[in-house]
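Because the structure is predicted, anything quoted here is derived from the model rather than measured.
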Amino acid sequence: MKLLLDTHLLLWAAGEPGRLSRSAHSLIENSENELVFSAASIWEVSIKRGLGRDDFQADPRLLRRGLLENGYLELAVTGEHALALDTLPAIHKDPFDRILLAQATVEGMILLSTDHVVARYQGPVRKV
């Protein structure tokens with residue numbers, strides 16, 4: 001199964017694996033799953049790191065390189081993904097979480113998220 005990881009899961013998988021839930025760890029370690037990260041997550045880390053957010057201190061260049069070296073697939077943000085945003089109800093206001101959900105929907109993937117608000121969406125999202 002193809003799994004799109006939200007930004008916090010990516011950061012934890014790359015630098016703080018002890019913060020992953022048991023279910024997240026199990027899904028990430030299962031070799032039958034394809035792990036995917038979005039260019040939007042790298043964008044989010046770049047922006048929030050620049051703003052000085054304590055939970056976004058990873059170097060986005062190193063994060064991206066490490067993910068690719070560990071077999072993650074990178075997903076670009078396309079116009080089709082952007083258009084899918086208007087089909088999402090206004091449950092969550094974070095534009096990064098919304099584009100990740102739109103990407104998962106369009107691409108037929110499951111979005112793994114740590115966010116209980118994102119998990120309220122109908123569709124391909126699983127809170128871990």
field: Listed partners of Arg120 passing side chain to side chain donor-acceptor pair (under 3.5 Å), at least two apart
entry: none
query: Taking only residues two or more places apart in sequence, or in another chain, which ones meet Ser38 in a side chain to side chain donor-acceptor pair (under 3.5 Å)?
result: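 Applying side chain to side chain donor-acceptor pair (under 3.5 Å) to Ser38 gives Gln103.
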message: Suppose clustering is done on Ile, Leu, Val, Met, Phe, Trp and Tyr with side-chain heavy atoms closer than 4.5 Å. Which residues sit in the same group as Leu20?
response: Met1, Leu3, Leu5, Leu9, Leu10, Leu11, Trp12, Leu27, Ile28, Leu35, Phe37, Ile42, Val45, Phe56, Leu63, Leu67, Leu68, Tyr72, Ile110, Leu112, Val128
- request: Taking all heavy atoms of Glu34 and all of Leu73, pick out the closest pair and write down the distance.
  value: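 Shortest heavy-atom separation between Glu34 and Leu73 comes out as OE1-CD1, 3.4 Å.
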Closest non-hydrogen atom pair, Gly15 against Pro17: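 Scanning both residues completely, I find the closest heavy atoms to be C-CD, 3.5 Å.
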- request: Apply side chain to side chain contact (heavy atoms under 4.5 Å, CB included) to the pair Leu75 and Met109, showing each step before the final yes or no.
  value: CA-CA 11 Å; Leu75 178 62; Met109 300 179 192; 4.1 Å; yes
Out of curiosity, [X] [atom1] to [Y] [atom2], how far, rounded to the nearest 0.5 Å?
| X | Y | atom1 | atom2 | value |
| --- | --- | --- | --- | --- |
| Arg65 | Asp59 | CZ | CG | 8.0 Å |
| Asp97 | Glu44 | CG | CD | 6.5 Å |
| Asp6 | Arg126 | CG | CZ | 13.5 Å |
| Leu85 | Thr87 | CG | OG1 | 7.5 Å |

message: Between Val125 and Leu100, does the side chain to side chain contact (heavy atoms under 4.5 Å, CB included) criterion hold? Intermediate values first, please.
response: CA-CA 10 Å; Val125 62; Leu100 292 175; over 6 Å; no
Sequence-distant partners of Glu74, salt bridge (charged side-chain N to carboxylate O under 4.0 Å, His left out), two or more places apart: Arg64
query: Who are the salt bridge (charged side-chain N to carboxylate O under 4.0 Å, His left out) partners of Arg49, not counting sequence neighbours?
result: none
Partner set under side-chain contact (heavy atoms from CB on, under 4.5 Å) for Val106, not counting sequence neighbours: Glu80, His81, Ala84
Sub-4.5 Å side-chain heavy-atom contact between Ile99 and Val77: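 Yes, their side chains come closer than 4.5 Å.
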- prompt: If we only count heavy atoms from C-beta on, is the Pro124 to Thr105 side-chain gap below 4.5 Å?
  reply: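 Pro124 reaches Thr105 side chain to side chain.
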- prompt: Do Leu111 and Tyr121 pass the side chain to side chain contact (heavy atoms under 4.5 Å, CB included) test, and can you show the C-alpha distance, the side-chain angles, and the key distance before you say yes or no?
  reply: CA-CA 11 Å; Leu111 173 62; Tyr121 279 98; over 6 Å; no
